[in-house]
Amino acid sequence: MKKITMLLFLALASYSGFAQRTADEVLKMNSKIEDLTQNVITGIIVVKEGNIVKGISPETKAEVWSFDADKNVGTVTTMETLNMLDAQSKLDVETMFASKRILKPIEGTPYVEALVNYKTVLINTLDGKVVYNSANYKYRVFNSQFLYGENQYLVKGAENGKVIASLIDLNTGDVLWKTEQGDAKSAFASMFTFKSNFSNEAEISDTTIYSLYMGKLSAIDRNTGALKWTGELEYSKVFPTQNNKNLVVINSKGLLSSKQYLNVLDAETGKPIWEDAIKTKYIVYLEDWGDKILVAHNSGFNFFNLKDGSKIWKKDARGDGLKKVISIDGDYLYVAENEMMLIDKDGQKKWKSFIEISDDKEDAINYLGKVDDKVLYLTATYGNMVDYKSGKKLWRGNLKFDKNRPLLNVFDEENNQFLVYNDEKLFKFNTTVADKPDPFAKVNVKKEKELNSIELFPWGVALSGPTEVMGVSKDGKVLYQKIYTQPGDGGRAWGQALSTAGSIGLGVSAGYNAAMGAEWRMVYIDPATGQEVGSSVIKKQNDKQLARGAKQAAGSAMLGDLSKRFAKRFDAMRQSRDFSYIFAKDEATQKKVLVKVRKDDGTELDKIQFENMRPIYEVDFATQSVYYIYENELRIFNKKI
């Protein structure tokens with residue numbers, strides 16, 4: 001028995017050293033692999049090499065289907081390249097200047113969109129069947145959109161100087177209709193008349209597709225494709241109201257988009273029904289109540305009658321520099337500059353006075369919400385709780401934070417408390433605490449400014465960043481700490497670049513850039529109950545503006561949101577709740593490795609050798625296999641522990 005135990009100990013000891021290992025399997029392709037992705041619905045790994053798109057089974061690691069673009073799309077001739085460039089000159093700025101993914105998973109579906117030989121194809125990763133192939137049509141695709149409700153695919157393209165919209169039935173592959181939306185425009189000319197936040201996405205109602213092209217809005221009959229009308233003005237976003245009679249539209253004017261205008265259109269004609277649009281610096285929050293709409297913007301907010309635009313309240317709620325609005329139990333909690341107030345649905349104050357929640361109006365809001373009968377706020381400089389009914393602060397003084405350090409928080413549901421990290425200290429925020437808490441833990445983080453995640457475990461929390469992982473128990477003891485060195489020279493820090501993305505907070509960051517960069521949501525409210533029944537994004541996050549706003553204070557980001565919003569193909573760090581995959585330099589060999597660390601106990605589970613400074617790879621979190629591309633090889637590293 002002792003002999004067996006000793007052998008086991010030696011085996012574990014030798015394994016803990018983890019000399020970096022080479023791939024368990026290598027699939028060699030005929031040419032350099034250009035892109036790699038995984039469809040999370042089917043689990044299929046998709047690679048693009050040369051003119052070939054292949055699907056790899058996550059179970060067998062074998063090729064299960066293949067698509068040959070030269071055979072199914074055709075090779076690209078010199079004339080086609082020139083035609084493509086000419087078509088590009090009439091397309092939108094986003095398409096022209098964005099680095100378009102070669103492989104793009106369609107979230108929540110088994111499909112992957114691929115760009116091959118300058119053609120767009122949609123592939124069902126389950127069987128490799130091509131359900132849409134733009135080579136079968138004359139137009140050049142510049143925008144595509146999956147319609148989830150009907151398994152349909154809306155594509156927009158340019159053909160003979162015209163913008164066309166076409167709807168494809170993915171069940172049959174049939175083209176349901178093709179409609180000319182208008183003349184293709186020069187993107188460069190449009191930059192001087194219409195700027196920023198314009199979208200080529202479409203909004204869908206039961207009967208109509210409201211399609212935008214460089215700000216030009218068209219209404220297309222969803223069943224027949226008939227063009228109902230084309231709007232007179234340019235808009236950056238459109239949203240159908242729940243009464244199906246109106247459209248809320250927003251446009252941004254000026255070279256720097258310094259002003260935004262909100263108006264309401266008649267859905268049948270496309271004509272404005274409000275004589276005067278709401279003019280503001282930026283929109284913050286919207287609610288649709290069927291016959292009225294709540295609009296929160298830079299200068300305040302109010303309910304407006306959908307029919308004529310008249311105000312339902314006599315006076316706007318105070319809100320110069322409005323940054324955030326949340327709906328709570330039929331009331332509205334909002335932040336104007338560095339103060340917050342609670343009002344009811346009639347615009348009346350529920351608190352006697354505004355509450356200061358930060359040192360500076362530019363400070364970021366990391367968290368704002370109701371916990372039991374208290375309101376908790378965490379900003380770049382302050383943390384405290386406020387009684388929801390009276391508006392009085394729970395603690396006599398604010399807990400002060402260092403705005404130049406990351407501020408991370410996680411909710412401990414079992415103990416009904418928040419665990420908050422800032423400036424190498426951890427605090428417990430509990431509604432029963434009579435005064436501001438002292439830190440329950442003080443830690444020594446080597447690369448604190450790079451921290452971007454806090455995860456809760458039964459024993460405590462794991463703090464992690466691109467090159468460091470630390471576990472701290474709920475009684476303040478450091479259980480483990482792993483620190484790694486970045487590969488590359490000293491003038492180029494991977495951690496700095498990655499932590500910039502990771503530091504963007506859960507809430508809206510402070511200041512103009514952050515407010516402009518935040519999502520606008522149109523929230524559906526049931527007029528009978530006052531309860532939220534759905535929502536839709538009015539303006540997608542502007543990542544660059546959010547990043548600028550987040551420089552004022554680092555906050556935590558939900559890992560799911562982090563991967564969706566900020567992950568780029570060359571980012572070297574991946575995370576799940578349970579594991580960190582850290583791109584590092586192996587101290588023994590000085591080679592580049594990917595280290596897998598279990599957050600629950602800090603154990604290094606694997607060390608994978610990479611060859612290049614910007615690795616393109618995927619982690620299959622279901623099987624914990626790693627897929628890495630190098631030149632013409634797909635290297636597969638199976639789970640070890």
Side-chain angles (χ1 to χ4, degrees), residues 323-326 328 333-342 351 353-388 390-413 415-443 445 448-449 451-456 460-461 463 472 474 476 503-511 514 549-558:
K323 294 194 298 191
K324 190 174 184 67
V325 178
I326 59 175
I328 303 177
L333 180 66
Y334 71 96
V335 177
E337 294 187 339
N338 62 327
E339 297 180 318
M340 74 175 178
M341 172 56 69
L342 183 70
W351 294 344
S353 58
F354 280 81
I355 297 173
E356 185 181 66
I357 64 171
S358 64
D359 271 344
D360 194 297
K361 65 181 181 180
E362 298 297 323
D363 283 346
I365 303 169
N366 186 269
Y367 181 84
L368 180 68
K370 187 180 179 185
V371 183
D372 295 334
D373 57 348
K374 305 295 188 299
V375 172
L376 167 67
Y377 60 84
L378 300 171
T379 70
T381 49
Y382 290 165
N384 208 331
M385 289 191 174
V386 176
D387 184 83
Y388 183 78
S390 68
K392 293 182 179 180
K393 290 185 178 180
L394 185 65
W395 306 329
R396 287 170 294 180
N398 293 301
L399 181 63
K400 292 190 176 182
F401 298 127
D402 185 338
K403 65 188 303 180
N404 297 314
R405 306 287 182 174
L407 180 64
L408 309 174
N409 71 85
V410 65
F411 184 63
D412 181 355
E413 189 172 356
N415 296 299
N416 196 33
Q417 64 185 2
F418 277 85
L419 301 178
V420 180
Y421 172 88
N422 177 252
D423 193 20
E424 298 191 315
K425 295 184 284 289
L426 279 159
F427 304 89
K428 294 177 181 177
F429 277 56
N430 193 302
T431 57
T432 62
V433 177
D435 204 351
K436 59 183 178 182
D438 292 322
F440 73 89
K442 294 183 179 181
V443 296
V445 182
E448 189 197 20
K449 289 189 176 182
L451 289 183
N452 56 29
S453 174
I454 181 171
E455 292 293 337
L456 181 70
V461 295
L463 303 168
V472 184
K474 291 182 180 179
S503 69
I504 294 175
L506 290 172
V508 177
S509 297
K551 286 181 181 178
Q552 297 146 4
S556 66
M558 298 293 285

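Positions are given from 1, in the same order as the sequence printed here.
Between Phe429 and Leu376 there is a side-chain heavy-atom pair separated by less than 4.5 Å. Two residues are said to be in side-chain contact when any heavy atoms from C-beta on lie closer than 4.5 Å; Val420 and Leu426 fail this criterion. Residues Ile355 and Glu339 form no side-chain contact, since every pair of their non-hydrogen atoms from C-beta on lies 4.5 Å or further apart. Tyr377 is listed as a side-chain neighbour of Lys393, based on a closest heavy-atom distance under 4.5 Å.
Atom-to-atom distance recorded for Leu394:CG and Thr432:OG1 is 9.0 Å, nearest 0.5 angstrom. Within the model, atoms CZ of Phe411 and CG of Leu456 stand 10.0 Å from one another, a figure rounded to the nearest 0.5 Å. For the atom pair Asn366 CG and Leu408 CG, the distance stands at 7.5 Å (nearest 0.5 Å). Annotation: the span from Ile328 atom CD1 to Leu342 atom CG amounts to 7.0 Å, rounded to 0.5 Å.
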| Derivation and outcome, side chain to side chain contact (heavy atoms under 4.5 Å, CB included), residues Val335 and Leu368 | CA-CA 9 Å; Val335 177; Leu368 180 68; 3.7 Å; yes
| said: Apply side chain to side chain contact (heavy atoms under 4.5 Å, CB included) to residues Val386 and Lys392 and explain how you reach the verdict. | reply: CA-CA 5 Å; Val386 176; Lys392 293 182 179 180; 5.8 Å; no
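The backbone N or O of Lys400 sits nowhere less than 3.5 Å from a side-chain atom of Asn398 that would complete a donor-acceptor pair. No donor-acceptor pair closer than 3.5 Å links the side chain of Asn416 to the backbone N or O of Glu413. Under the 3.5 Å distance criterion, the side-chain polar atoms of Asp372 are left unmatched by any main-chain donor or acceptor of Lys374. When atom types are taken as modelled, the side chain of Thr381 and the backbone of Ser358 share no donor-acceptor pair closer than 3.5 angstrom.
Applying the salt bridge (charged side-chain N to carboxylate O under 4.0 Å, His left out) test to Lys474 and every residue at least two apart in sequence or in another chain returns Asp412. The ring pair (Phe, Tyr, Trp, His ring centres under 6.0 Å) search around Tyr388 returns none, not counting sequence neighbours. Phe440 meets the ring pair (Phe, Tyr, Trp, His ring centres under 6.0 Å) test with no other residue; sequence neighbours excluded. Remark: Tyr421 pairs with no residue by the ring pair (Phe, Tyr, Trp, His ring centres under 6.0 Å) rule, at least two apart or across chains. Every residue meeting the side chain to side chain contact (heavy atoms under 4.5 Å, CB included) condition with Asp402, not counting sequence neighbours, appears here in chain and number order: Asn404, Arg405, Asn422, Asp423.
Ring centers of Phe427 and Phe418: at least 6.0 Å apart, outside the cut-off. Taking the six-membered ring for Trp, Tyr382 and Trp395 have ring centres at least 6.0 Å apart.
Results of the side chain to side chain contact (heavy atoms under 4.5 Å, CB included) test with Leu333 over Met341, Lys370, Met340, Lys324 single out Met340 as the only residue that passes.
For the residue pair Phe401 and Thr379, the shortest heavy atom distance occurs at CD1-O, 3.4 Å. Closest approach of Val461 to Leu419, counting heavy atoms only: CG1-CD1, 3.5 Å. Closest approach of Lys361 and Lys323 over heavy atoms only: O-NZ, 3.0 Å. Across Asp387 and Trp351, no two heavy atoms sit closer than the pair O-NE1, 4.0 Å. Across all their heavy atoms, Asp360 and Asn338 have their closest contact at O-CB, 3.7 Å. Val472 and Ala441 get closest at one heavy-atom pair: CG1-CB, 3.9 Å.
Pairs passing the salt bridge (charged side-chain N to carboxylate O under 4.0 Å, His left out) check and including a residue from residues 426-436, sequence neighbours excluded, read Arg396-Asp435.
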